[in-house]
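Below: one structure, written as structure tokens.
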Amino acid sequence: MKLFIFAWHPTPRMQGNTSAVKADNQKNNTMNYPYGKAAFFILLMALVTGTAHFAVSFRRQVEKPDLVMAIFAPNHEEAYRAVLGEFEEQHGVKVQLQLVSQRALQSRLQSALLTGADVPDLVELLEGTIGFFARGPLEDVGFVDLTDRLHAEGIYDRMVPSRFSLWSSRGRIFALPNDVHPVTLAYRRDLIEELGIDVDQIETWDDFVAMGRSVVQDLTGDGNFDRYALDTPLGGIAVIRILLLQRGGQLFDEQGGVAFDTELTADTIAWYVRQTTGPDRIGYDAGWGQSLAKAMNDGLVLFYFCPDWRTKQFEMDVPNLKGKLGLMPLPAWEPGGRRTSTWGGTGLAITKASERQELAWELAKFLYLNEEELSARFRATNIISPLKDSWSAPVLDEERAFYGGQAIGRLLADLAPQTPPTYISPYSNLAQNKLAEVYLGAVAYYNRHGEAGLKEHIRKELTAQADYVRRVIDRNVFLQTDEGGAQ
Amino acid sequence: MKGSRKRAITPWVFLGPYLILTAVFFVYPFINSIWLAFHQTNGPRSAVFVGLSNFRFVLSDPDFYTAVKNTSIYAVVSVMIQLPLSLGLAMLLNSGKSRVRNLFRLILFSPHLVGQIFVGILFSVIFTPRYGLFNRGLQELVGWGLEERWLANPSLVMPALIIVSMWLYVGFNMIYFLAALQSVDKNLLDAAHVDGASPMQTFRHVIIPQIKAVAIFVVVMSTIGSYQLFELPYALLGGFGPNNSGLTIVGYLYSTAFETGDLGTGAAIGWLLAFVIFIISTIQIKLAKVE
Amino acid sequence: MNTIHITLVFLVAIYGILRWGYPRKAEIASGYLRYVLLGIAAFLILCPFVWLVCAVFKDKDVLMQYTFLPAVSDWSTKTLNFNNFRALFAGEDTVQGRVYFQEYVINSLFLASTATSINLFFASMGGYALSKYEFRGRQGIMAFMIGSMMFPSMLFLAPVYRMIFAFGWMDTYLALLVPGACSVFGMFLFRQSMTSVPDSLIEAARIDGASEFGIYFNIIMPLVRPITGAFCLITFLGSWNSFIGPQVFIQTQSKLTLPVVLNQYMGVYTQQYGVFLAGTLLAIIPPAVLFFALQKEFVSGLTSGGVKG
């Protein structure tokens with residue numbers, strides 16, 4: 001404390017200084033700026049910018065549509081804009097579609113919902129985010145509970161039941177699912193044919209790894225591999241989750257309890273570590289965006305995990321590979337096993353703050369359940385709807401030149417019923433981060449000790465991290481009281 | 001009589017804004033944060049009494065210790081490397097011509113004009129593997145580092161953070177040392193010179209005692225500042241880095257209170273932070289007195 | 001061997017020549033060494049700024065290709081242009097409709113200048129009361145002020161957040177302006193400077209019938225102009241660069257300030273670094289202008305606290 005006191009004591013030297021400056025200043029334009037130019041200009045700036053700020057926000061308040069819908073996917077915008085006019089005409093209203101960044105949307109929306117600031121009527125949410133919004137008591141969730149409507153109107157039975165799991169908390173559904181997102185493998189058709197590989201012969205991951213070992217090669221002789229079999233993007237966790245779901249594993253059980261400390265998870269992580277680390281690896285992280293495009297063009301990696309939405313992304317990012325890509329079902333974990341998994345998801349939620357919830361619900365049904373719209377949407381996005389009736393639409397049988405004449409819609413729709421559910425929790429992100437830590441630790445272990453004790457190590461880490469996530473969840477008094485009340 | 005009574009009230013009127021604002025935004029939150037630390041919340045609306053559970057959880061959370069470790073490494077390195085560098089630069093500047101001194105002072109200080117967020121954003125691009133200014137410069141200089149992922153490799157995140165903070169603060173702390181050196185008694189320096197003292201001896205026996213107070217001030221302020229680090233790594237890493245390698249105590253507080261919505265645990269972390277800062281600055285001041 | 005190595009060897013060689021070539025004039029060599037070291041430090045400090053200025057004018061296709069600017073022979077609108085600024089000012093769709101970059105600039109300017117104006121008024125009044133009046137409790141208030149500076153501001157963020165919510169100030173600028181409207185640091189700064197104003201001046205004004213507020217406003221404040229300048233700059237910089245407050249309290253996109261928005265851009269424009277670098281460059285211009293205008297006052301204001309034993 002003393003220190004600060006000494007720090008603020010004036011000294012004769014300082015006083016001498018300031019009074020000298022003072023005398024000097026008094027001679028100069030004291031008349032014009034009696035408190036100094038800085039103070040004058042800052043005050044002036046406050047007035048000018050204040051006027052400008054309020055003028056702009058006033059103008060903004062004037063133009064207010066009947067419904068505001070916030071979305072984050074640019075290709076959805078394209079598909080929705082095409083059909084919105086019809087809805088506006090039917091109901092005689094004005095709908096505003098707004099494309100916002102996912103990062104901006106999620107971080108602000110929760111506190112806006114809790115504190116009653118201006119929010120859109122409808123929001124398209126990204127997979128996992130409903131957990132984030134449903135962390136508190138159920139009555140604090142800022143979205144309309146759709147469960148009863150879905151059952152009463154018979155919509156629940158028309159959709160793939162597994163897709164509601166992404167949008168549920170404590171048994172209540174808060175959003176209408178947009179998609180199924182079955183996962184396939186996309187491959188460089190031309191290179192695979194050159195190498196004499198028949199993808200129909202690859203039925204299990206064992207087949208795939210055997211094939212993979214044979215194609216991973218150092219072609220230039222500089223000591224680095226120049227060809228890999230499998231793309232393993234995003235630091236591991238995305239793919240581990242895809243593989244785990246395919247095998248019937250989950251991060252959380254249906255009630256939101258931690259469920260990843262199992263032998264199945266340990267085995268999946270160990271398998272994945274072997275494929276991404278060391279001299280026997282078949283995987284390479286080709287990254288995202290520009291670096292991915294380069295790896296695909298160079299043929300650095302042959303097979304890519306590819307849910308329906310990514311087929312469109314490839315068409316946009318690597319247009320020059322037209323005709324050179326193909327899709328195949330995922331290899332199964334055992335003969336006759338599940339040949340797909342799921343990755344990502346979007347759902348449409350209605351905010352409680354919306355003054356026109358009924359109209360919003362009509363719009364949601366119009367966009368998500370209208371078969372005409374769904375066909376147009378498939379053409380624009382390649383995304384398979386969870387509405388079972390829509391799978392017989394002729395648009396799915398169209399042959400796509402980009403994929404070498406393959407009817408990718410049919411393949412994806414055939415896989416859709418097998419798509420595993422994904423149970424989520426407010427702590428999904430935490431669990432994924434902790435799982436990523438287990439994976440990174442296992443990679444380090446494998447580099448040091450090899451196969452010996454790898455599984456043991458992973459099991460131990462999984463137990464520790466699962467216990468940690470359990471401890472965090474158990475602390476949440478809001479989840480506890482709610483469960484107690486429901487039972 | 002009347003005049004003097006009026007004058008007795010006057011200072012309180014002048015102090016009015018401060019007193020009201022302090023009562024509302026310091027005294028009340030101070031008490032409220034104690035209350036809050038024993039509650040669990042979901043955003044600002046709901047609060048439930050949970051006893052010591054918040055403290056118990058934080059003290060058993062490995063992420064908290066990661067945050068304490070990262071912050072402490074950062075604080076120690078700031079004091080051990082950054083401040084000597086600042087002092088060195090100040091000494092180089094001290095004997096120069098005053099116009100040159102002002103120019104260099106201006107240049108070396110300039111990063112401090114840029115807020116931590118802007119600096120974080122700027123350096124997140126400068127550290128781009130293969131293309132970034134830093135990676136290219138390092139490659140040119142020592143023939144290594146072009147492909148290093150400074151912000152994605154857990155063991156390189158802290159070094160990167162320290163490099164950025166050096167760029168940001170070396171010139172700022174130098175200002176204090178320079179001002180202190182300027183006020184060192186010239187007669188004493190001349191006397192030391194006449195007595196044939198070596199530069200090292202002059203530094204130890206003449207300069208150090210005279211700038212000691214300022215040095216302690218800068219060390220304590222810099223330590224306290226280091227323990228409140230948040231915005232720089234948050235912007236630089238776009239979050240807390242791989243494996244939480246860039247998580248600081250305040251970052252941990254921010255993510256718990258405002259990203260997770262648990263204001264109560266956030267308040268508990270705030271008190272632990274205040275406690276850590278109090279202990280460390282007390283030790284530093286005690287040590288300085290013993291010397 | 002490359003240019004950097006050659007330059008370094010050259011600089012060392014010159015030092016060798018000076019040091020051993022003219023052993024009797026040691027001060028020439030040491031003076032040379034001082035300026036070389038200072039020059040290197042200044043170079044390292046300025047490098048990112050120069051890089052930033054170059055980066056914002058490069059087209060996104062060549063941003064990563066050249067470290068600084070392309071060779072003069074490659075200059076064309078394909079390599080150097082204003083596309084980054086054009087993209088920045090084109091506006092973006094948000095929940096509140098289209099928002100333009102200039103609106104964030106106005107928000108930031110408004111908040112920083114208003115916060116500075118209010119703080120200047122309140123802090124200088126407080127400082128005046130503490131420097132020129134004897135009253136019971138003065139020592140107590142000052143001790144309390146010093147004590148309050150010991151607590152990290154983050155400790156109060158959670159409770160203040162609940163208060164702001166209870167007051168209904170969420171998503172308004174009141175949340176950003178009111179809690180910090182009277183800086184303790186500023187009060188000390190003004191108190192210290194005002195103590196040196198002779199009491200006789202105040203007594204004379206009282207005899208002339210000036211009111212107490214009139215004395216503060218018309219006599220004292222004009223006398224402490226240098227410290228006013230320093231305080232304005234320090235407060236403006238602090239508010240301009242502040243991040244946590246707007247990040248936590250403001251939810252409407254069109255009300256956000258530059259630090260929050262640019263931090264957001266980083267996620268959005270990951271493939272177009274040039275756009276948010278252009279925003280960053282624009283964001284550091286206003287404080288830089290203010291700083292160049294007030295440099296001298298700023299440094300004295302900053303150090304007047306720490307620099308005495």
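For the numbers below, each heavy atom of this structure counts, side chains included, while hydrogens, waters and symmetry mates do not.
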Spacing of [atom1] belonging to [X] relative to [atom2] belonging to [Y], to within rounding of 0.5 Å:
X	Y	atom1	atom2	result
C/Ile4	B/Leu141	CD1	CG	5.5 Å
C/Phe43	B/Ile107	CZ	CD1	12.5 Å
C/Tyr133	B/Thr10	OH	OG1	5.0 Å
B/Leu272	C/Leu155	CG	CG	10.0 Å
B/Leu263	C/Leu157	CG	CG	9.0 Å
C/Met163	B/Asn32	CE	CG	7.5 Å

Output the option from [options] having the highest count of non-hydrogen pairs under 4.5 Å with chain C.
options	answer
B/Pro111, B/Gly270, B/Pro29	B/Pro29
B/Ile31, B/Leu103, B/Leu108	B/Leu108
B/Val218, B/Val125, B/Leu89	B/Val125
B/Pro17, B/Gly143, B/Gly16	B/Pro17

query: Between C/Pro179, C/Gly238, C/Ala129, C/Gly180, which residue shows the highest count of heavy-atom pairs closer than 4.5 Å to chain B?
result: C/Pro179
message: Using the rule given for side-chain contact (heavy atoms from CB on, under 4.5 Å), can you reason through B/Leu15 versus C/Met187, listing the C-alpha separation, both sets of side-chain angles and the distance that settles it, and then say yes or no?
response: CA-CA 10 Å; B/Leu15 280 170; C/Met187 283 168 69; 3.7 Å; yes
- line: Whatever's closer than 4.5 Å to a heavy atom in chain B on C/Leu8 counts as side chain
task: Can you tell which part of C/Ile244 gets under 4.5 Å to a heavy atom of chain B, answering side chain, backbone, both or neither?
output: both
Taking side chain as everything from C-beta outward and backbone as N, CA, C, O, which of these in [X] sits under 4.5 Å from a heavy atom of chain C? Side chain, backbone, both or neither.
X	result
B/Ala37	neither
B/Phe30	both
B/Phe118	both
B/Tyr28	side chain
B/Val24	both
B/Phe104	side chain
B/Glu231	side chain
B/Ile117	side chain

Does a side-chain heavy-atom distance below 4.5 Å link [X] with [Y]?
X	Y	result
C/Ser148	B/Thr22	no
B/Leu21	C/Val178	yes
C/Arg162	B/Leu36	yes
B/Trp12	C/Ile141	yes
C/Leu277	B/Leu122	yes
C/Met145	B/Tyr18	yes
C/Pro48	B/Phe123	yes
C/Glu134	B/Pro11	no

task: Please assess B/Leu113 against C/Ile284 for the test side-chain contact (heavy atoms from CB on, under 4.5 Å), listing each intermediate value before the final yes or no.
output: CA-CA 7 Å; B/Leu113 289 177; C/Ile284 62 183; over 6 Å; no
field: From B/Tyr254, B/Phe25, B/Phe258, residue fulfilling ring pair (Phe, Tyr, Trp, His ring centres under 6.0 Å) relative to C/Tyr161
entry: B/Phe258
query: Does any N or O in the side chain of C/His5 come within less than 3.5 Å of the main-chain N or O of B/Glu140, such that one atom is a donor and the other an acceptor?
result: yes
task: Under the ring pair (Phe, Tyr, Trp, His ring centres under 6.0 Å) rule, what do C/Phe156 and B/Phe26 come out as? Steps first, then yes or no, please.
output: CA-CA 8 Å; C/Phe156 303 105; B/Phe26 182 85; 5.0 Å; yes
Give me the ring orientation class for [X] and [Y]: parallel if the planes are under 30° apart, tilted from 30 to 60°, perpendicular past 60°.
X	Y	value
C/Phe151	B/Trp271	perpendicular
B/Phe230	C/Phe243	tilted
B/Phe14	C/Phe213	parallel

C/Phe49 vs B/Trp167, ring pair (Phe, Tyr, Trp, His ring centres under 6.0 Å): CA-CA, chis, key distance, verdict: CA-CA 11 Å; C/Phe49 288 126; B/Trp167 180 78; 5.3 Å; yes
message: Could you walk me through whether C/Phe68 and B/Leu133 satisfy the side-chain contact (heavy atoms from CB on, under 4.5 Å) test, starting with their C-alpha distance in whole Å, then the side-chain angles of each, then the deciding distance to 0.1 Å, before giving a yes or no?
response: CA-CA 8 Å; C/Phe68 292 100; B/Leu133 174 65; 3.7 Å; yes
